[in-house]
Amino acid sequence: MTHEIIIAGFGGQGIMLMGQLLAYAGMLEKKHVSWIPSYGPEMRGGTANCSVIVSDQVIGAPIVSEPTILIAMNNPSLFKFEQSVQAGGTIIVNSSLVSRDPLRDDVTTIKIPANDIADQLGIKRVANIVTLGAMLKKIDIVEKDSIIKSLNKVFNSKPDIVTLNTVAFERGQLDVIGK
Amino acid sequence: MTHEIIIAGFGGQGIMLMGQLLAYAGMLEKKHVSWIPSYGPEMRGGTANCSVIVSDQVIGAPIVSEPTILIAMNNPSLFKFEQSVQAGGTIIVNSSLVSRDPLRDDVTTIKIPANDIADQLGIKRVANIVTLGAMLKKIDIVEKDSIIKSLNKVFNSKPDIVTLNTVAFERGQLDVIGK
Amino acid sequence: MVEKIFTRPKSLTDVPTHYCPGCHHGLVHRLIAEIIDETHLQATTIGIAPVGCSVLAYDYFNFDMVGAAHGRAPAVATGVKRVHPENLVFTYQGDGDIAAIGCAEIVHAAVRGEKISTIFINNAIYGMTGGQMAPTTLISQVTNTTPYGRCAEGTGKPLRLSEMIATIDGAVYVARVAVHDSIHMTKAKQCIKKAFDIQMKGLGFAMVEVLSTCPTNWGMSPLKAVDWMKENMFPQFPLGVLKASEEVLK
Amino acid sequence: MVEKIFTRPKSLTDVPTHYCPGCHHGLVHRLIAEIIDETHLQATTIGIAPVGCSVLAYDYFNFDMVGAAHGRAPAVATGVKRVHPENLVFTYQGDGDIAAIGCAEIVHAAVRGEKISTIFINNAIYGMTGGQMAPTTLISQVTNTTPYGRCAEGTGKPLRLSEMIATIDGAVYVARVAVHDSIHMTKAKQCIKKAFDIQMKGLGFAMVEVLSTCPTNWGMSPLKAVDWMKENMFPQFPLGVLKASEEVLK
Amino acid sequence: MPKPLFNSERCKGCALCTVACPKKILEISNQFNSKGYYPANCVDVSKCIGCCLCAKACPDIAIEIYK
Amino acid sequence: MPKPLFNSERCKGCALCTVACPKKILEISNQFNSKGYYPANCVDVSKCIGCCLCAKACPDIAIEIYK
Amino acid sequence: MSEKVLMKGNEAIGEAAIAAGCRYYFGYPITPQTELAEYMAKRMAEVNGVFLQAESEVAAINMVYGAAGAGARTMTSSSSPGISLKQEGISYIAGAELPCVIVNISRGGPGLGSIQPSQADYFQATKGGGHGDYRNIVIAPNSVQELVNHTIKAFDLADKYRNPVMVLGDGALGQMMEPVLLPERILASTPKPWAATGLRGRSKPNIINSLYLIPNQLEEHNLRLQKKYYDISKAEVMYEEYNTDEAELIIVAYGITSRIARSAIDKARKDGYKVGLLRPITLWPFPVDIFTKLANTAKAFLTLELSAGQMVEDVRLSVNGCKPVYFYGRMGGMIPSTKEIYGQIVKYYSNGGEQ
Amino acid sequence: MSEKVLMKGNEAIGEAAIAAGCRYYFGYPITPQTELAEYMAKRMAEVNGVFLQAESEVAAINMVYGAAGAGARTMTSSSSPGISLKQEGISYIAGAELPCVIVNISRGGPGLGSIQPSQADYFQATKGGGHGDYRNIVIAPNSVQELVNHTIKAFDLADKYRNPVMVLGDGALGQMMEPVLLPERILASTPKPWAATGLRGRSKPNIINSLYLIPNQLEEHNLRLQKKYYDISKAEVMYEEYNTDEAELIIVAYGITSRIARSAIDKARKDGYKVGLLRPITLWPFPVDIFTKLANTAKAFLTLELSAGQMVEDVRLSVNGCKPVYFYGRMGGMIPSTKEIYGQIVKYYSNGGEQ
Ligand SMILES: Cc1ncc(C[n+]2csc(CCOP(=O)(O)OP(=O)(O)O)c2C)c(N)n1
Ligand SMILES: Cc1ncc(C[n+]2csc(CCOP(=O)(O)OP(=O)(O)O)c2C)c(N)n1
Ligand code: SF4
Ligand code: SF4
Ligand code: SF4
Ligand code: SF4
Ligand code: SF4
Ligand code: SF4
Ligand SMILES: [Mg+2]
Ligand SMILES: [Mg+2]
């Protein structure tokens, strides 16, 4: 199985971190993984996206142009990448910020009001982890455990932050809508 | 017939001019000619030399390494180039400054006390033209007329200087020793 | 009757810029464009864009533009100006572009008294490449290549390029300005106008340094960035006309 | 008893140089070698030769030498010095090398306060390549690339590099000297010694400019060349210590 | 009546105009535009004196002033 | 008795020593050396005061001074 | 560290260099290699090394020249336009026979081009972008792990042959993260008796230099260099074969492109196409011999590059007319998809073995 | 002027450039091309042109970029190390499609090398010493007269294709004097509506630039460039054949070396050896087709260069394995004598047609 994922949103939404956590978790599960940011001119002007591949096969190019999964954290991201998703793929939509449903009828849509949940949790920054939780509830890419381990790695085992993110992850898994 | 000539001496002896006059004269006679200075590190430290080829055939490389004719205007020049002269070739020696005869017995030697003659003429600078006269008396490379024409070109038809050099040239033809 | 009393100058194209929110590049672009409008030079101006965040300046200025290699704008401007001596030719360069890689080119444009004008945007950092040390980066300032803060030992103290250029005879006018409020902006506009005027009169080389913010790479809000600039950059880079030679004062 | 009271310093090899008669390069070589002998630094010195008439300096100095690309001696010296911070590392550069092509490298060695010393031979011309204009060439001076005499219009006025470098914080000591007579030579030696001393104390970047003759390309005898230098170069390039920062004076 | 006209699609929400306005009538809205920026707007046009300071402070020429 | 020793093969005849000598006892000879230069020499060693000014003026270290 | 970590290519190069004993880094920011400089800025301070942001790429390469001449393991890195600026310096380093590592994380050209991945600096890297007859050893890794391994190897080869070694990557390799096993700390201790260190008791000065004014001396020097290059070409060739046994069509690709080729080949093999991959790892010395060998069994070669066709010349030279050599390239930062390459394979077969 | 004059190669280039309407020269002294700069310093003042001694080669090439972008006929010149420094600029010029002429009077390398003649910058000139996929048109004259004719041609080609054109000579050609017929004054009047001149009534700004941030735009730009290069390769190839009919052995040589080859061939023909000369005049585009043709009739090729073997790769690519290609080279400023080349011919025959 090969998951080719594009994660896209504003700068500051923690897009890169989402991708890295996924890749890290995949690595912990001895899967083949790659992550690559878009480092193009889009950087300025506030948008950011990255490609993640998690696969049981050796990975070719790390840059994903036709994703099996798109995580759209805001409107422009959905508009930009929606058409490139493979038929039969999945679009995860941060419904707090994305104002309309995907137009494609050959893909599965998953919705999560990530910012609203994050606001409820009192930490705006964790909308990304909420979304990750939501996605992993619905799509079997990596185990929750691996994500928690990755959180520990990335946040250098700072228990507070890890706990917080774990909670966010779990809320995402709980509140996800779709499929 | 192809004359491959190296002219060598101190900087300031008018070595380059000698070569250019020869080439110019050859050109006026519709011969194939080339001139090239040595522009190596020898420049500093006072020595100078150039290669001239006058030929009735198209010229290959302009740089002469085995001359048919060597004009040695001073000791170091003779020492440096003597051995490279082709068997049967000619060495023209400025006997005012060169302290010994060439050691080669397979070449013709021509001597001219060019500086002494120039001193007698009262213009030290014309030792080069004296030598040119001497050589052309003995070796048929270009006509005297062509040299005079070349002098006119080079000295931009300044009659005084041309006359002076013409006199020097003729004295060289007169006083040459050898062959 | 409804009358527009403030709008986009003709010498700017009507496209959104790629600059980050609050970046001063946009302000300086506008000032230049206003001056060119006011002096009716749009048809005779050739701007030289650098490599830096303002690399796309040729998309924003509404007159002929030449994109130079990183640091080489003064050389490119020289080539352009020699061909079109009657035109207004200016370079627009960041601090990395002008003070690091392009140091020889700006010095020698000044030495030759090249009749060009240089607008030098000093934001104490490499913006375009994501925030590395510039020659103008302040002591203790954290950048991606001075992760522990710039330390004089090893990297030296910030270069005051304008003061250095002012020692060169061919540089007839050197000024340092800022654009963070309307008073400073007025002064900045005067100085840039002066620089252009000097060029059109054929008096020599003129340079105006504009202290600017890079909120993104400084890691602060645009408003905080203005404060940081005032607090930290102004002492190191004093504002004012650093040099105006006699011909210029006449 | 016969005693040698003046002879070749150990830090010079016993070979004839390729320099033209009366060229000051030889004099400066000797001064440097004498200082290195006197301070017992022969075993710890690494010299950087430029491209210019002194390109073969590595044949003449009797210690480790690195030949740099044209203009890049300060960068090369930086690489060497960072690897061997305890060594004496100096660059020896002509005016074309340092002030034209190598302008950015010398400025930034100064900006970094690189702990190297630079001996800068200003003979107002490109010697090695046969006499072209240098940034230091005087107004009206005829060279092969200013056949009608250097004209400020188009080529600018001579660059006073030392004055320019002196504006940089990291340059703690900048002096201009000459070696045409014994008094000036003594002063020159003091200054170069000072520069080396500053380096060994780790105080920063120091540069000594030596006004020199190039009889060959100036087209005059060595003696005339000295007069020409005094008459024409001294006014444009005043001798003296241009900068000595506080640390240095202590 | 002077008034500022905001092009909220061009506005990047930098807030430089809000401090430049002597009348302090400009604020950052909490609705983001299509690029994700929270644009500035005028909360009390009637107080505007047409001084143009907001427009001059705007790096993106997102404000025009009408009189 | 101080005296200058000339290495005439190293001398390039620049004459800088001749003006440096306070005793004016150095002159350029009219015999050139193997490189074509006319080397300097001392015409009256007895007047030499061993001041070394000639040697210091020589770019080619063609002079050594003995005492 | 025997555990894999997830690391960016650019940073992995830095860590590998440090492991290889490099303590002197001189560079200048440029996308897409800047993270390497930034990583070094952080890490060199931790290992008591020198990170120096030069005023330009020209200065950086000459600092490397100085540090290498002084006997240190040293490196610089940049991307295409910056590497062009280093060409004089590289020629000097080759001429003076100084060991150093130069990393090119290349991007689209010509000119300012773009910051996206490209393989259009092949000629510059392998044929000498600088003047004169010289050769860089050029290594082209195709994964973050290989960036690590080959960076270390690069330092060893540099010292072994006193020669510049270029690690040629592209924006994708530099920017991507992959799991990587970092090596234990390696201590470099190649003695360098030729280095400029100060005499320190030695009687003969060491001179670092590339000037030979006398033609026959410069010719001798060049012959010595050529002899060295010959030795390297015999001893240091690296390549990888994948499914080449009995392959009819051999795809030739290096670096990032070789990964896409491999995926396409997997797919094609499943569909019954006899396709294999020959991946040059050293671009210079080029693995000529394996081409000669494979030219016996294969029917054709298809070279795949992110360029208008550069390595393909070396492929043609190696195959020497024995078999047809085809080319497929993308430019400007466009990266072909697996499907696209698969399409090229199918095209070859559907044209009856011709493109 | 219909009378021949004796002129130095370097100066002849300058006079030709002025005849071609070039009024903007930017350069920096370096042996053995300095006379060209010096000549321009004198002559440009006389023709109201601009001679500017830049602070460096880097500055010079960027001034050329500016002047060319502003619509002028412009040029620079240098020798090997200086040409290396220009590589970034050349790539920019190619990317922005600006017409200009670059003269390389090359010398021995690598590094500082020497100031003697060399042909070791062939790779740099023809394959792109700079980054990215681009091509210079490269013309290699072999006499002072050709320096004149081809310098003029270079300006025309540059304008015709909006492309940099390199005139590749060597120290010998630059320094030597030969009789030459100078052309009448030619007025260049190619309209350049794309140039940055100031709007002057035009409504759309002209932009000179090589940045294409969007990959497919940069790819399109590159495809456009490649199309242009293809057109040039079809239309602008120049070469000279000498005694190639029925030649068994074809010597391939360009520039100064071709003259020596010709002399050696004359001698060899007298002695009954069937030897001919194929002289590429454009090194890029390389005269591939004539090789294909001659490969039918000739038995072998012998490439002769003042290098370790650079053009020989293009010869091999052109001959594509049909016939053996041998190589003989000298380096470091050593120039083979006629006798030496004759010796190589005899060697070929005495080995029974093998080297
Ligand atoms: C030869 C070369 N080196 C490096 C770069 C990468 N680069 C692009 S912009 C830049 C620095 C920009 O900083 P600055 O000039 O201060 O402009 P800013 O972005 O801050 O306005 C660098 C290093 C390049 N494009 N070309
Ligand atoms: C890159 C490069 N450009 C140009 C040259 C040619 N060149 C050699 S020395 C020199 C100038 C020397 O002048 P200067 O530095 O003043 O030293 P001087 O000979 O006067 O002592 C030049 C231009 C070169 N070797 N390399
Ligand atoms: S990175 Fe800095 S300089 Fe560049 S656009 Fe953003 S704020 Fe402006
Ligand atoms: S050319 Fe000038 S600087 Fe060079 S050695 Fe001769 S006199 Fe000295
Ligand atoms: S014009 Fe003046 S008063 Fe009106 S909104 Fe703008 S700044 Fe405020
Ligand atoms: S200054 Fe301009 S961009 Fe910034 S908030 Fe105000 S209107 Fe928006
Ligand atoms: S030592 Fe003094 S007195 Fe004696 S020769 Fe030399 S300069 Fe003259
Ligand atoms: S100074 Fe030296 S080289 Fe000059 S003339 Fe005197 S001894 Fe000879
Ligand atoms: Mg900046
Ligand atoms: Mg000089």
Side-chain angles (χ1 to χ4, degrees), chain D residues 18 48-58 65-73 75-76 94-107 125-137 141-151 153-156 158-159 161 164 217, chain H residues 8 10-11 14 23-63 76-87 89 105 107 109-115 171 174-175:
Chain D
H18 70 296
I48 317 296
V51 181
C53 276
S54 48
V55 67
L56 295 173
Y58 53 73
M65 291 288 296
V66 180
H70 189 33
R72 317 304 174 192
V76 172
D95 45 350
D97 193 76
I98 200 172
I101 192 169
C103 181
E105 284 75 15
I106 195 66
V107 164
I125 206 156
Y126 286 20
M128 168 83 149
T129 39
Q132 298 77 30
M133 183 189 78
T136 47
T137 291
Q141 188 182 335
V142 172
T143 72
N144 288 344
T145 49
T146 53
Y148 312 103
R150 180 176 186 170
C151 172
E153 182 68 27
T155 56
L159 173 63
L161 184 75
M164 187 178 100
N217 287 306
Chain H
K8 230 184 186 192
N10 281 331
E11 303 187 343
R23 289 295 177 275
Y24 301 91
Y25 173 93
F26 305 91
Y28 189 82
I30 184 169
T31 313
Q33 70 80 48
T34 302
E35 295 83 1
L36 174 46
E38 293 176 349
Y39 188 81
M40 288 309 217
K42 234 189 236 125
R43 285 288 282 136
M44 278 299 187
E46 292 168 1
V47 298
N48 266 320
V50 170
F51 162 82
L52 199 159
Q53 182 177 321
E55 57 271 29
S56 71
E57 290 87 352
V58 171
I61 192 72
N62 284 288
M63 289 171 184
T76 185
S77 63
S78 189
S79 178
S80 312
I83 298 290
S84 289
L85 284 171
K86 291 183 198 287
Q87 291 306 324
I105 300 300
R107 58 188 245 179
L112 192 48
S114 82
I115 56 180
Q175 294 293 324

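The chains referred to below are lettered A, B, ... by the order of the sequence lines, with proteins before strands, and numbering in each begins at 1.
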Are H:Thr34 and D:Asn144 side-chain neighbours, meaning at least one heavy-atom pair lies under 4.5 Å? no

Region of D:Thr155 that comes under 4.5 Å of a non-hydrogen atom in chain H: neither

With rounding to the nearest 0.5 Å, note down the distance linking CD in H:Glu38 to OG1 in D:Thr143. 8.0 Å

Please flag which part of H:Phe51 lies under 4.5 Å from any non-hydrogen atom of chain D: side chain, backbone, both or neither. side chain

Mind listing the closest non-hydrogen atom pair of H:Pro29 and D:Thr129 along with its distance? CB-OG1, 4.0 Å

Please flag which part of H:Ile30 lies under 4.5 Å from any non-hydrogen atom of chain D: side chain, backbone, both or neither. backbone

For H:Gln53 and D:Gln132 the tightest heavy-atom approach is OE1-CB, 3.9 Å

Begin from the C-alpha positions of H:Glu57 and D:Ile101 and carry the test side-chain contact (heavy atoms from CB on, under 4.5 Å) through to its verdict. CA-CA 8 Å; H:Glu57 290 87 352; D:Ile101 192 169; 3.1 Å; yes

Closest approach of H:Glu46 and D:Tyr148, non-hydrogen atoms and distance? OE2-OH, 3.7 Å

